[in-house]
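For reference, the structure is listed below as structure tokens.
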Amino acid sequence: MTRPLALVTGASGGLGYEFARLLAERGHDLVLVARTGAPMEELAQWAEARHGVAVTVLPKDLSHPGAGGEVADELAERALHLDVLINNAGFTQLAPFAESDEQVMMSMLRVNIETLTQLTRRVVPGMVERGSGRIVNLASLAAFQPGPSMAVYYASKAYVLNFSIALNVELEGSGVTVTALAPGPVATGFQARAAMEDARLVKGRKLPSAAEIAEWGWAEAEKGKPFAVHSPRWKFIAFTLRFLPRRTAARIAARTNDRV
Ligand SMILES: NC(=O)c1ccc[n+]([C@@H]2O[C@H](COP(=O)([O-])OP(=O)(O)OC[C@H]3O[C@@H](n4cnc5c(N)ncnc54)[C@H](OP(=O)(O)O)[C@@H]3O)[C@@H](O)[C@H]2O)c1
């Protein structure tokens with residue numbers, strides 16, 4: 001019996017690591033992609049020994065132009081056909097736009113948007129041909145409003161949300177579903193990477209674990225939903241934001257992004 005195959009980007013830590021663990025537990029072979037090889041190799045050994053699944057580790061910088069195509073080429077060379085694609089790699093920086101690091105900003109756009117889009121473009125036709133597939137794109141609660149001090153990140157997640165919903169509708173009836181996940185803040189290395197632990201949004205708050213969010217996110221994806229917002233509180237906020245003037249919504253985000 002052949003096992004389903006799932007590719008997870010950003011599988012070296014945080015949410016991607018937990019998605020990979022969960023999918024291994026549920027009998028998926030895995031392709032793991034991120035820059036840092038060691039945690040993915042460890043995960044691969046654990047998954048192979050514990051769950052008898054096959055794991056391919058592809059260390060890769062997804063901020064390079066064309067990285068999504070390169071990953072797809074590697075899959076084609078190995079004759080690997082994906083049943084599940086988790087476009088999870090992503091990051092932010094917290095800084096006023098005029099003071100933000102330009103290189104980091106451009107890398108962010110490539111990882112959060114360009115690579116995600118290119119990899120999806122290369123994977124969808126095969127899924128459609130085979131009549132089944134699940135694509136999960138990590139958006140964020142940030143997708144629902146403009147976010148001063150993280151303007152590019154928030155806008156990148158709005159792209160991921162709208163891109164995913166459009167594709168979900170386009171692919172209706174094909175057997176392929178695309179789901180954007182919108183968690184609020186999650187306890188991962190994300191905040192430290194962005195040096196934003198002192199932002200009002202996260203400081204002193206108890207955040208859900210990456211394992212909890214991966215479990216929730218996969219359950220939502222299995223329902224084939226176009227998008228899902230985590231927790232009643234964030235659902236209420238995402239819903240309410242639709243009725244506020246956009247500038248008011250941006251001012252609320254500016255306050256939550258303040259360093260305190
Ligand atoms: N944590 C939150 O509060 C939160 C909330 C909402 C949405 N999200 C979204 O969830 C996703 C996962 O975030 P996380 O919280 O798990 O963050 P994380 O713990 O910082 O993990 C990010 C992952 O992305 C990978 N990555 C970053 N830059 C990369 C690059 N240039 N090339 C390849 N891989 C790269 C990292 O691997 P390497 O460094 O090894 O390359 C790592 O595996 C992101 O899209 C994020 O925007 C997070």
Side-chain angles (χ1 to χ4, degrees), residues 1-11 15-16 18-20 22-33 53-56 58 62 66-90 110-140 143-144 156-183 213-230 235 238:
M1 200 185 80
T2 58
R3 289 180 295 266
L5 176 65
L7 183 147
V8 183
T9 68
L15 288 165
E18 294 300 334
F19 270 111
L22 180 149
L23 289 166
E25 280 165 9
R26 296 181 188 190
H28 290 69
D29 288 339
L30 295 172
V31 180
L32 306 179
V33 188
V53 298
V55 185
T56 306
L58 294 181
L62 298 175
E70 287 167 21
V71 171
D73 288 344
E74 298 224 27
L75 294 178
E77 271 166 34
R78 296 163 197 239
L80 294 174
H81 304 294
L82 296 185
D83 299 286
V84 176
L85 169 62
I86 313 267
N87 279 311
N88 161 81
R110 283 194 291 269
V111 175
N112 294 11
I113 293 182
E114 195 176 306
T115 299
L116 174 148
T117 307
Q118 188 178 25
L119 190 50
T120 304
R121 172 63 185 84
R122 296 283 292 271
V123 165
V124 162
M127 286 184 168
V128 170
E129 209 179 297
R130 293 188 294 281
S132 74
R134 293 219 184 281
I135 299 177
V136 178
N137 294 331
L138 264 292
S140 164
F144 294 89
S156 77
K157 293 301 179 180
Y159 172 93
V160 172
L161 177 70
N162 285 302
F163 170 68
S164 305
I165 296 171
L167 274 195
N168 184 291
V169 170
E170 226 180 271
L171 293 168
E172 270 168 0
S174 70
V176 182
T177 62
V178 182
T179 303
L181 296 178
I213 296 299
E215 184 90 28
W216 158 79
W218 182 243
E220 296 293 347
E222 283 197 307
K223 294 175 201 156
K225 286 188 171 183
F227 74 98
V229 181
H230 182 249
K235 276 191 178 82

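FYI, side chains are in, hydrogens and waters are out, and symmetry mates aren't considered; it's all heavy atoms of this structure.
Shortest non-hydrogen contact noted between I113 and T117 is O-OG1, 2.6 Å. The two residues V136 and A221 come nearest to each other via the heavy atoms CG2-CB, 3.5 Å. Heavy-atom minimum distance, T115 versus A67: OG1-CB, 4.1 Å. Closest heavy-atom contact between A139 and L161: CB-N, 4.3 Å. The shortest heavy-atom contact between A20 and L30 is O-CD1, 3.5 Å.
When only modelled atom types and interatomic distance are considered, T177 and R134 share a side-chain donor-acceptor pair under 3.5 Å.
For the side-chain contact (heavy atoms from CB on, under 4.5 Å) test with L7, the passing option among L80, L119, V123 is L119; the others fail.
Distance alone, capped at 3.5 Å, places no donor-acceptor pair between the S174 side chain and the V128 backbone. The closest donor-acceptor contact from the side chain of N137 to the backbone of A180 lies at 3.5 Å or more, if one exists at all. Side chain of T9 to main chain of V33: no donor-acceptor pair is present (N/O by atom type, distance under 3.5 Å, no hydrogens or angles). Judged by distance alone, with hydrogens and angles left aside, the side-chain atoms of S132 form no donor-acceptor pair with the main-chain N or O of G175 at under 3.5 Å. Between the side chain of R122 and the backbone N or O of E70, no donor-acceptor pair lies under 3.5 Å. Using a distance-only test at 3.5 Å, with no hydrogens or angles considered, no donor-acceptor pair links the side chain of N88 to the main chain of V8.
Applying the salt bridge (charged side-chain N to carboxylate O under 4.0 Å, His left out) test to every pair with at least one member in residues 74-90, sequence neighbours left out, gives these pairs: E74-R78.
Side-chain contact between E170 and L167 is present, with at least one heavy-atom pair separated by less than 4.5 Å. The side-chain heavy atoms of M127 and L171, taken from C-beta on, include no pair separated by under 4.5 Å. Counting only heavy atoms from C-beta outward, the side chains of N87 and T120 approach each other to under 4.5 Å. At a threshold of 4.5 Å between non-hydrogen side-chain atoms, the residues H230 and I213 count as touching. Counting only heavy atoms from C-beta outward, the side chains of K157 and N112 approach each other to under 4.5 Å.
A distance of 5.0 Å separates CH2 of W218 from NE2 of H28, quoted to the nearest 0.5 Å. Here the CG atom belonging to N162 is positioned 5.5 Å from the CD1 atom belonging to I165, to the nearest 0.5 angstrom. Atom CD of E18 sits about 8.5 Å away from atom CD of E25, to the nearest 0.5 Å.
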Test F19 against V84 for side chain to side chain contact (heavy atoms under 4.5 Å, CB included), laying out the working first. CA-CA 11 Å; F19 270 111; V84 176; over 6 Å; no
I would like to know whether L181 and E220 meet side chain to side chain contact (heavy atoms under 4.5 Å, CB included); could you show each step before the answer? CA-CA 8 Å; L181 296 178; E220 296 293 347; 4.3 Å; yes
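Under the side chain to side chain contact (heavy atoms under 4.5 Å, CB included) criterion, R3 pairs with D29, V53, A54, sequence neighbours left out. Residues satisfying the salt bridge (Lys or Arg N to Asp or Glu O under 4.0 Å) test with R121, not counting sequence neighbours, are none.
By the 6.0 Å contact criterion, CZ on F163 is enclosed, its count of non-hydrogen atoms from other residues, nucleotides or ligands being greater than 12. A 6.0 Å sphere centred on CD of E222 holds more than 12 heavy atoms belonging to other residues, nucleotides or ligands.
The aromatic rings of F227 and F144 lie tilted to each other, with the angle between the two planes from 30° to 60°.
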